[in-house]
Amino acid sequence: MTDTEVLHVGIADAKIAASPQHLRTAGLGSCVGVVVYDRQTKLAGMAHVMLPDSSLAMQTQMNRNKYADTAMDDLIANLLRLGASKVRFKAKMAGGAQMFSFMSSDEKMRIGPRNIEAVERKLLEYRIPIESKDVGGSNGRTIEFDTDTCALKVKTVNKEEAII
């Protein structure tokens, strides 16, 4: 039996972990779970983003972890503050499903694909390579990242578990 501590990342939440801790988030439908990590220091951060862009915020006091642009900025800044190196960052991501199948020409209804695009755009902006991803489709996911091995376990509804 292992005593690995698992840090749970809620919806519109982000956390940082160090080896041997794990990071886990559940309920990824159209949301995207993104992990940025430094294999050498074994530091990792996970964000569970709900929406692509903070310009969608209707409130002056917004949750920065809810939006891909602000959550990614904060996650990377916090990893750097703890001693991770920007040049060693890699990323893995999962989620971004299109949970409701209906035909719509309304771009706003494509939340999952827009979340994927927003996270990828932010990673490109920071020049962080995406090592692997399991995105799209129409099923929900739960993910767990092992800071020691840098493996991301993906449990997808109605599918076999995958390690990416």
- Task: Decide side-chain contact (heavy atoms from CB on, under 4.5 Å) for I116 and V32; before the verdict, give the C-alpha distance in whole Å, the side-chain angles of both, and the deciding distance to 0.1 Å.
- Result: CA-CA 7 Å; I116 295 166; V32 169; 4.0 Å; yes

- Output, in order, the C-alpha distance, side-chain angles, deciding distance and verdict of side-chain contact (heavy atoms from CB on, under 4.5 Å) for I128 and V36. CA-CA 8 Å; I128 299 172; V36 175; 4.2 Å; yes

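Taking every heavy atom of both residues into account, A71 and V49 meet most closely at CB-CG1, 3.6 Å. For the pair T41 and R88, the tightest heavy-atom approach, listed with the atom from each and the gap, is CG2-NH2, 3.5 Å. Residue L75 comes nearest to V34 through the heavy atom pair CD2-O, 4.4 Å, listed as atom of the first residue, atom of the second, then distance. Across all non-hydrogen atoms, the minimal contact from A44 to L79 is C-CD2, 3.7 Å. Residue A14 comes nearest to N65 through the heavy atom pair CB-OD1, 3.5 Å, listed as atom of the first residue, atom of the second, then distance. Closest approach of G33 to L28, counting heavy atoms only: N-CD2, 3.5 Å.
Considering only residues two or more places apart in sequence or on other chains, K66 meets the salt bridge (charged side-chain N to carboxylate O under 4.0 Å, His left out) condition with none of them. The side-chain hydrogen bond (donor to acceptor under 3.5 Å, both in side chains) search around S132 returns none, not counting sequence neighbours. Taking the salt bridge (charged side-chain N to carboxylate O under 4.0 Å, His left out) definition, one finds that E131 meets it with R39, K92, sequence neighbours left out. For D69, there are no salt bridge (charged side-chain N to carboxylate O under 4.0 Å, His left out) partners at least two apart in sequence or on another chain. Among residues two or more places apart in sequence or in another chain, the ring-ring contact (aromatic ring centres under 6.0 Å, His included) test is passed with F145 by Y37. In this structure R121 satisfies the salt bridge (charged side-chain N to carboxylate O under 4.0 Å, His left out) test with no other residue, sequence neighbours excluded. Remark: S30 pairs with I111 by the side-chain contact (heavy atoms from CB on, under 4.5 Å) rule, at least two apart or across chains. Remark: L82 pairs with I16, L43 by the side-chain contact (heavy atoms from CB on, under 4.5 Å) rule, at least two apart or across chains.
Within the structure, side chain to side chain donor-acceptor pair (under 3.5 Å) pairs that include any residue of residues 72-86 comprise R64-D74, D73-K122, D73-Y126, N78-R81 (at least two apart or interchain). Evaluation of the ring pair (Phe, Tyr, Trp, His ring centres under 6.0 Å) test over residues 67-96, restricted to residues two or more places apart or in two chains, returns none.
Distance NZ/K90 to CG/L123: 12.0 Å, rounded to 0.5 Å. One distance of note links CD of E117 with CG of L124; it measures 13.0 Å at 0.5 Å rounding. Distance check, rounded to the nearest 0.5 Å: NE2 of H48 to SG of C31 gives 3.5 Å.
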Distance-only check: which donor-acceptor pairs under 3.5 Å involve side-chain atoms of residues 5-13, not counting sequence neighbours?
{"from": "E5", "atom 1": "OE1", "to": "Q21", "atom 2": "NE2", "distance (Å)": "2.8"}
{"from": "D13", "atom 1": "OD2", "to": "G10", "atom 2": "N", "distance (Å)": "2.9"}
{"from": "D13", "atom 1": "OD2", "to": "K15", "atom 2": "NZ", "distance (Å)": "3.0"}

Can you give the donor-acceptor pairs under 3.5 Å from side chains of residues 137-144 to other protein atoms, not counting sequence neighbours?
{"from": "N139", "atom 1": "ND2", "to": "V157", "atom 2": "O", "distance (Å)": "3.4"}
{"from": "R141", "atom 1": "NE", "to": "D134", "atom 2": "O", "distance (Å)": "3.3"}
{"from": "R141", "atom 1": "NH1", "to": "G95", "atom 2": "O", "distance (Å)": "3.4"}
{"from": "R141", "atom 1": "NH1", "to": "G136", "atom 2": "O", "distance (Å)": "3.1"}
{"from": "R141", "atom 1": "NH2", "to": "D134", "atom 2": "OD1", "distance (Å)": "3.4"}
{"from": "R141", "atom 1": "NH2", "to": "G136", "atom 2": "O", "distance (Å)": "3.0"}
{"from": "E144", "atom 1": "OE1", "to": "R24", "atom 2": "NE", "distance (Å)": "2.6"}
{"from": "E144", "atom 1": "OE1", "to": "R24", "atom 2": "NH2", "distance (Å)": "2.4"}
{"from": "E144", "atom 1": "OE2", "to": "H22", "atom 2": "ND1", "distance (Å)": "2.7"}

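In this structure, M46 is not a member of the same hydrophobic cluster as M72, with clusters built from ILVMFWY side-chain heavy atoms closer than 4.5 Å. Note: the hydrophobic cluster containing M93 does not contain L23 (ILVMFWY, side chain heavy atoms under 4.5 Å, direct or indirect links). Taking hydrophobic clusters as Ile, Leu, Val, Met, Phe, Trp and Tyr residues chained together by side-chain heavy-atom distances below 4.5 Å, I76 shares a cluster with I130.
Surrounding CD of E161 are more than 12 heavy atoms belonging to other residues, nucleotides or ligands, all under 6.0 Å away.
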